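Dumping the structure here so I can ask a few things about it.
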Amino acid sequence: MFDLRAIRENPEAFRKAWNRRKPGLGDAVDDIHRHDAALRTALTDKQEAEKLRNETSKLIGKAKASGDEAEFERLRKVVADAKETIEACAEQEEAARAELNELLYGLPNLPLDDVPEGQDEEANVEQHRWGEPKQINGPKDHADLGEALGMMDFETAAKMSGARFVLLSGKLARLERAIAAFMLDIQTEEHGYTECSPPLLVRDQALVGTGQLPKFEEDLFKTQKADELPAKDGGTVKVSAPAHYLIPTAEVPLTNIVRETIIEPGYLPRRFTAHTPCFRSEAGSAGRDTKGMIRLHQFNKVELVSVVANEEEGLKELERMTECAEAVLKRLDLPFRRMLLCTGDMGAGARKTYDLEVWLPSQNTYREISSCSYCGDFQARRMDARYRPEPGAKPEFVHTLNGSGLAVGRTLVAVIENYQNEDGSITVPEALRPYMGGLEVIS
């Protein structure tokens, strides 16, 4: 969420920032002012009515004791009217607060000044490149290579789960596991991240905290509530179970580790990593990457999350985190480039984002394999995650970052395509051979 006081005091800064995201989005400032004014009016009127009720209630006893029935009845009516006003104002307060929250929860984060303005990926700015794309004669697509090896099966997966799922087997399944283990070892042993094994099902509050809800619910997989369950006597019993969601990324549970906490001095920065499946409905992506493993409903990813104290530390951490992700690509000798995303191409929760794009020979282009974002206190406000700058100091909101270190499936795709041989076999990168029992070639 956002600091309402800051919006009241400097509305044009928010208007300008949101307009950089999307022309016209800054008009939301006017709606915020309107709902905020309605809320504050309702609160003030309720407080005044409560004060009148309390003061008048003290006088009723005196009027009754003095035998002044007319004054007694007048005071009773004042109290009754005040109660009606309190109830009406409470309803107005609830409605105004709900409208204000709905508006604020749906607005994206404010981009930093150095983020280039633009509406789509065409406005993203390349920062640097690493490695030279290998010259491969007639490069084959990873799906064709995997299916020819008999170790990548989309048809069988579709029978079980529908489109956009894959069944890996044999050496390719082991290669995927090797890539994940390799990534985790680098991030934990060399870069100081703490490995976690988080829940894959989370409640809606966790997704609200990181910004996926309420705006992006269509992109999520939601479990259905069980209204009735079998009872011991053979009948059924009605239950009320909260709905859960499959995580779209381990960013959700890892960031929520600091939810509703106050971190004491000396415990920042905190850095977490996890290898998990991720589940996405891919709403709105019809027709995009329907073949192969680029865009699946279920895929594996090694996620990186950092919790720091402020913007200065956050921007340093963004550079560090992105370099941690780049290290994996360098060890695997996979050519890539770093892109600074424009205002319209960033995720809703980000203030600044770098994308890493790996070279895919079959497409003759670079494709996203990691996205590293600095979120400021956007998520912390939604989660009520705070820290004390020093012992006894007033708590302040932490700043959060998240990034892929990397997407395991897309890394597998990149390895298959960049290490393909003319006979259809795949050379195992040297860095992965210890995780593959010394295997040098998959054939």
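Since we're looking at a predicted model, the values are computed, not measured. Throughout, residue positions are numbered sequentially from 1 according to the sequence presented.
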- Are the side chain of N19 and the backbone N or O of G24 linked by a donor-acceptor pair below 3.5 Å? yes

- Query: Going by atom types alone, do E303 and Q187 pair a side-chain donor with an acceptor below 3.5 Å?
  - Reply: no

- For the pair N109 (side chain) and A348 (backbone), establish whether a donor and an acceptor sit closer than 3.5 Å, ignoring hydrogens and angles. no

- Distance-only donor-acceptor check, side chains H142 and Q363, under 3.5 Å: no

- Task: Answer yes if the side chains of K301 and T249 hold a donor-acceptor pair under 3.5 Å, and no otherwise.
- Result: yes

- Query: Name the one of T322, N402, D355 that satisfies side-chain hydrogen bond (donor to acceptor under 3.5 Å, both in side chains) with S371?
  - Reply: D355

- Query: Under 3.5 Å, is there a donor-acceptor pair between the Q379 and T400 side chains?
  - Reply: yes

- Message: Taking side-chain hydrogen bond (donor to acceptor under 3.5 Å, both in side chains) as the criterion, tell me which of H399, K316, E317 meets it with Y374.
- Response: H399

- Query: Taking the six-membered ring of Y419, is NZ or CZ of K134 closer than 6.0 Å to its centre and within 45° of its axis?
  - Reply: yes

- Query: Would you call D384-R386 a salt bridge at under 4.0 Å N-O?
  - Reply: yes

- Charged N to carboxylate O below 4.0 Å: is that the case for R15 and D30? yes

- Item | Flag for T353-S373: side-chain donor and acceptor within less than 3.5 Å | yes

- Sub-3.5 Å donor-acceptor pair from the side chain of N418 to the main-chain atoms of A414, do we have one? yes

- Query: Does K46 come within less than 4.0 Å of E87, counting only side-chain N to carboxylate O?
  - Reply: no

- Identify whether the distance between the nearest side-chain nitrogen and carboxylate oxygen of K140 and D144 falls below 4.0 Å. no

- Could E218 and R280 be called an ion pair, given the rule that one side-chain N must be under 4.0 Å from one carboxylate O? no

- Task: Grab the two heavy atoms, one from V302 and one from A180, that are nearest each other, plus how far apart they are.
- Result: CG2-O, 4.1 Å

- Query: With no hydrogens and no angle check, do the side chains of S362 and E417 hold a donor and an acceptor under 3.5 Å apart?
  - Reply: yes

- Query: D423 and S443: side-chain donor and acceptor closer than 3.5 Å?
  - Reply: no

- Would you mind checking if R388 and E396 are paired as a salt bridge, meaning a charged N to carboxylate O distance below 4.0 Å? no

- Does the side chain of N300 come under 3.5 Å of the side chain of E176 through a donor N or O and an acceptor N or O? yes

- Query: Only one of E357, E319, E368, E126 forms a salt bridge (Lys or Arg N to Asp or Glu O under 4.0 Å) with R338, so which one is it?
  - Reply: E319

- Query: Between Y387 and E264, is any side-chain donor less than 3.5 angstrom from a side-chain acceptor?
  - Reply: no

- Item | Nearest heavy-atom neighbours spanning I136 and P139 | O-CD, 3.2 Å

- Message: Check this for me: does any side-chain nitrogen of one of K16 and E12 sit under 4.0 Å from a carboxylate oxygen of the other?
- Response: no

- Message: Quick test of your reading of the model: are K352 and D114 salt-bridged, counting only N-O distances below 4.0 Å?
- Response: yes

- Query: With a 6.0 Å cut-off on ring centres, are H297 and F279 close enough?
  - Reply: no

